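Below is one structure, written out as C-alpha cells, with a few remarks after it.
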There are 2 protein chains.
Amino acid sequence: MTTHALPQPTRAELAILRVLWKQGPSTVRQVHELLRGTQDKDTGYTTVLKLLQNMTEKGIVQRDESERTHVYEAALSETRTQRDLLRDLMDRAFGGSATSVVAQALSMKRASAEELAEIRRLLDAHEKRGK
Amino acid sequence: MTTHALPQPTRAELAILRVLWKQGPSTVRQVHELLRGTQDKDTGYTTVLKLLQNMTEKGIVQRDESERTHVYEAALSETRTQRDLLRDLMDRAFGGSATSVVAQALSMKRASAEELAEIRRLLDAHEKRGK
DNA sequence: AAGAGTCAACGACGCTTGTCGTAGATGTCC
DNA sequence: GGACATCTACGACAAGCGTCGTTGACTCTT
C-alpha cells in the first residue's frame with residue numbers, strides 16, 4: 001500500500017480546492033480573487049496563502065516554486081475527492097447504505113425533471129455494466 | 001423565525017446520535033456501553049457525558065432530568081439530520097448537484113443488485129409523485 | 001539606486017473539539 | 001450512620017482550524 005490516503009480537506013480547504021479544480025493551476029493571488037467571487041465570506045490574502053501552505057504540507061495540493069510566484073495545483077481529482085467525502089459521510093451518517101443516500105438526494109427539491117432523467121440514465125448504464 | 005437551524009453535529013456527536021436513534025432515549029451509561037460495541041475507539045465515560053452535555057447546550061439532544069440519572073434523546077430525526085448533512089456536503093463539494101451525488105453513490109461498489117432495484121423503485125415513486 | 005509594490009514565510013491568537021481528572025451530590029447496603 | 005458505588009458538574013488540556021500582522025526578500029519603475 002503506497003497510497004497514503006490523504007487527510008480530508010477541511011471546509012476552507014475544500015473551497016480552495018474547488019477554485020483550483022475549476023481554474024486549473026493558480027497563484028495565491030488568483031485563488032484569493034476567485035474565492036472572493038464565489039464566496040460571501042471575505043477571506044484575507046495571507047489567510048489563503050497560509051491555507052495553501054498547510055495544504056501543501058498535507059499533500060493535498062502540489063506547489064511549483066520554480067518561479068518566484070508559486071503556482072498551486074490540486075493533488076487529487078475532483079471526482080476522487082467527492083467519492084472520498086461521500087464515502088465518509090455515508091459511513092458516518094447513513095450506516096454505509098448507498099440507497100439511503102440516494103433516497104435523501106432525491107428528496108431534496110433540487111432534483112429537477114432533467115436531473116431525474118439524468119439519474120435514470122446513470123442507473124441504466126450502471127446496471128448494464130454490472131451484469 | 002423560530003427555527004434556529006441547529007448546529008451540525010461533529011463526528012463524535014454524530015456517533016452518539018446514531019446510538020440514540022437506534023436505541024431510543026438512553027442514559028449516559030447506556031450510550032457509553034453501546035458506543036463501545038459499535039466503535040473501535042474506546043471512549044471514556046466522562047467524555048461521553050461531556051459530549052452529551054455539550055449537545056444539550058447546543059440543542060442537539062434533549063435531556064430529561066426528572067430522575068437522578070438523566071435520560072437523553074435526539075432532538076432531530078435521523079432522516080432530517082441526514083438530509084441536512086447531505087445538503088451541506090452537496091453544496092460544499094458537489095456544486096449543489098444532486099445528480100453528481102447520485103453518480104458518486106452508484107460508483108461505489110457498495111451498490112448491490114438489490115440496492116439498485118430499490119433505488120429504481122425510489123426513482124419511480126419520486127417521478128410519479130412529482131407529476 | 002531609491003522608493004514602491006508584491007510575495008512567501010513565520011509566529012501569534014482565539015475558537016472549537018475531544019479528551020479526562022477530580023470534586024461534589026445522591027443513592028444503597030450493612 | 002458509615003462505607004461504598006454511581007452519577008453529574010466543573011475545569012483543564014492538547015490539537016486542529018481559520019484568522020492575520022509583520023517581516024524580510026525580491027522586482028519594477030523612474
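Every value quoted in this text rests on a predicted model; they were computed, and no experiment measured them.
Picking from C/dG18, D/dC7, D/dT19 the nucleotide with the shortest atom distance to the side chain of B/Arg29 gives D/dC7. Checking D/dC17, C/dA12, C/dG21 against the side-chain heavy atoms of B/Thr46 singles out C/dG21 as nearest. For A/Arg68, the listed nucleotide lying nearest its side chain is C/dC7; candidates were C/dC7, D/dG18, D/dT8.
Summarising the geometry, the separation between CZ on A/Arg11 and P on D/dT19 is reported as 12 Å, rounded to the nearest angstrom. Rounding to whole angstrom units, CG of residue A/Leu49 and C1' of C/dA8 are separated by 6 Å. Summarising the geometry, the separation between OH on B/Tyr72 and C1' on D/dA9 is reported as 10 Å, rounded to the nearest angstrom. Across the protein-nucleic acid pair, B/Met55 atom CE and C/dT19 atom P stand 13 Å apart, rounded to whole Å. Atoms CG (A/Leu51) and P (C/dA9) sit 15 Å apart, rounded to a whole Å. Between A/Gln53 atom CD and D/dG16 atom P there is a gap of 18 Å when expressed in whole angstrom units.
Under the 4.0 Å criterion applied to side-chain N and carboxylate O atoms, B/Arg87 and B/Asp91 are not assigned as salt-bridge partners.
Scanning all heavy atoms of the two residues, the minimum distance from A/Ala74 to A/Leu17 falls at CB-CD2, 4.0 Å.
At distances below 3.5 Å, at least one donor-acceptor pair connects side-chain atoms of A/His32 with backbone N or O atoms of A/Thr43.
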